[in-house]
Amino acid sequence: MSDFLISLYPWVKALHIIAVISWMAGIFYLPRLFVHHTEKVETGSDTDALFQMMEMKLLKVIMNPAMIVTWIAGLFLIGLGMFDWSAVWSWLKLACVIAMTVFHIWLGQRRKDFVAGNNALTGKQFRMMNEVPTVLMIVIVISVVVRPF
């Protein structure tokens, strides 16, 4: 059985990378939608409804499934022993993935604010928050590829 699981490694790794790319695409785009929603759209307008629909579909159809597949495939890879628990880079990557998940949840809560007509953030604040996943991605990629620690 373990030979079979090991033979799945390249497929699971490929699935993990595909899911991460999909998740990151959404996590970069949703805050940009929020910027334009905040700065250019009047609450209660047809455009407001359009933005809410786009934001909901991006989150529920692309980002949520991609995050779930990223986690499942990543945990499977950890189960195969592809994680060095004694190395700092492994723990740093894990902490950043957890932070990315928290950011994802935060974005979902901001979407609910738009639906309720209670968005309290400015376009500038959403632009600044859009840098969070960029920094996390840089740390994750360097941790995994360079393994500086």
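Both backbone and side-chain heavy atoms feed into the values below; hydrogens, waters and symmetry mates do not.
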Taking the side chain as everything from C-beta on, heavy atoms only, tell me whether Ile72 gets closer than 4.5 Å to Phe76. no
Can you confirm whether Phe34 sits close enough to Met129 that some side-chain heavy atom of one is under 4.5 Å from a side-chain heavy atom of the other? no
Should the heavy atoms of other residues, nucleotides or ligands under 6.0 Å from CD of Glu42 be counted, would the total exceed 12? no
Scanning both residues in full, the closest heavy-atom pair of Val35 with Gly123 reads CG2-O, 3.5 Å
Are the side chains of His104 and Leu59 in contact, using a 4.5 Å heavy-atom criterion? yes
Sub-3.5 Å donor-acceptor pair from the side chain of Ser90 to the main-chain atoms of Asp84, do we have one? yes
Using every non-hydrogen atom in the two residues, find where Ile27 and Pro133 come nearest and quote the distance to one decimal. CG2-CB, 3.7 Å
In the structure I gave you, are the side-chain heavy atoms of Phe51 and Glu55 within less than 4.5 Å of one another anywhere? yes
side-chain contact (heavy atoms from CB on, under 4.5 Å) evaluation trace for Val102 with Trp106: CA-CA 6 Å; Val102 169; Trp106 181 82; 5.5 Å; no
Please report the C-alpha distance between Lys57 and Gln52 in whole Å, then the side-chain angles of each, then the deciding distance to 0.1 Å, and finally whether the side-chain contact (heavy atoms from CB on, under 4.5 Å) criterion is met. CA-CA 9 Å; Lys57 287 191 176 190; Gln52 287 183 37; over 6 Å; no
Set out, in order, the CA-CA distance, both residues' side-chain angles and the distance that settles side-chain contact (heavy atoms from CB on, under 4.5 Å) for Val41 and His36, then state yes or no. CA-CA 7 Å; Val41 177; His36 299 297; over 6 Å; no
Side chains of Trp71 and Thr101 in contact at under 4.5 Å (non-hydrogen atoms): yes
Cluster overlap Phe103 with Ile21, hydrophobic side-chain contacts below 4.5 Å: no
Do Phe126 and Leu107 come within less than 4.5 Å of each other through their side chains, counting heavy atoms only? no
Pair Gln109-Asp113, side-chain hydrogen bond (donor to acceptor under 3.5 Å, both in side chains): steps then yes or no: CA-CA 6 Å; Gln109 292 168 337; Asp113 290 343; over 6 Å; no
With a 4.5 Å cut-off on side-chain heavy atoms, are Asn130 and Thr134 touching? no
Say you draw a straight line from OG of Ser143 to CZ of Arg147; how long is it, rounded to the nearest 0.5 Å? 10.0 Å
Hey, are Arg127 and Glu39 close enough for a salt bridge, meaning a charged N less than 4.0 Å from a carboxylate O? yes
May I ask you to check whether His37 and Phe114 place their ring centres under 6.0 Å from each other? yes
Under 4.5 Å between any side-chain heavy atoms of Leu121 and Thr38, yes or no? no
Please say whether more than 12 non-hydrogen atoms of neighbouring residues, nucleotides or ligands are located less than 6.0 Å from CE in Met54. yes
Could you tell me if the ring centre of Phe83 sits under 6.0 Å from that of Trp85? yes
ILVMFWY network linking Ile138 to Leu136, side-chain heavy atoms under 4.5 angstrom: yes
hydrophobic_cluster_shared for Val141 and Ile17, side chain cutoff 4.5 Å: no
Do His16 side-chain atoms and Ala73 backbone N/O form a donor-acceptor pair below 3.5 Å? no
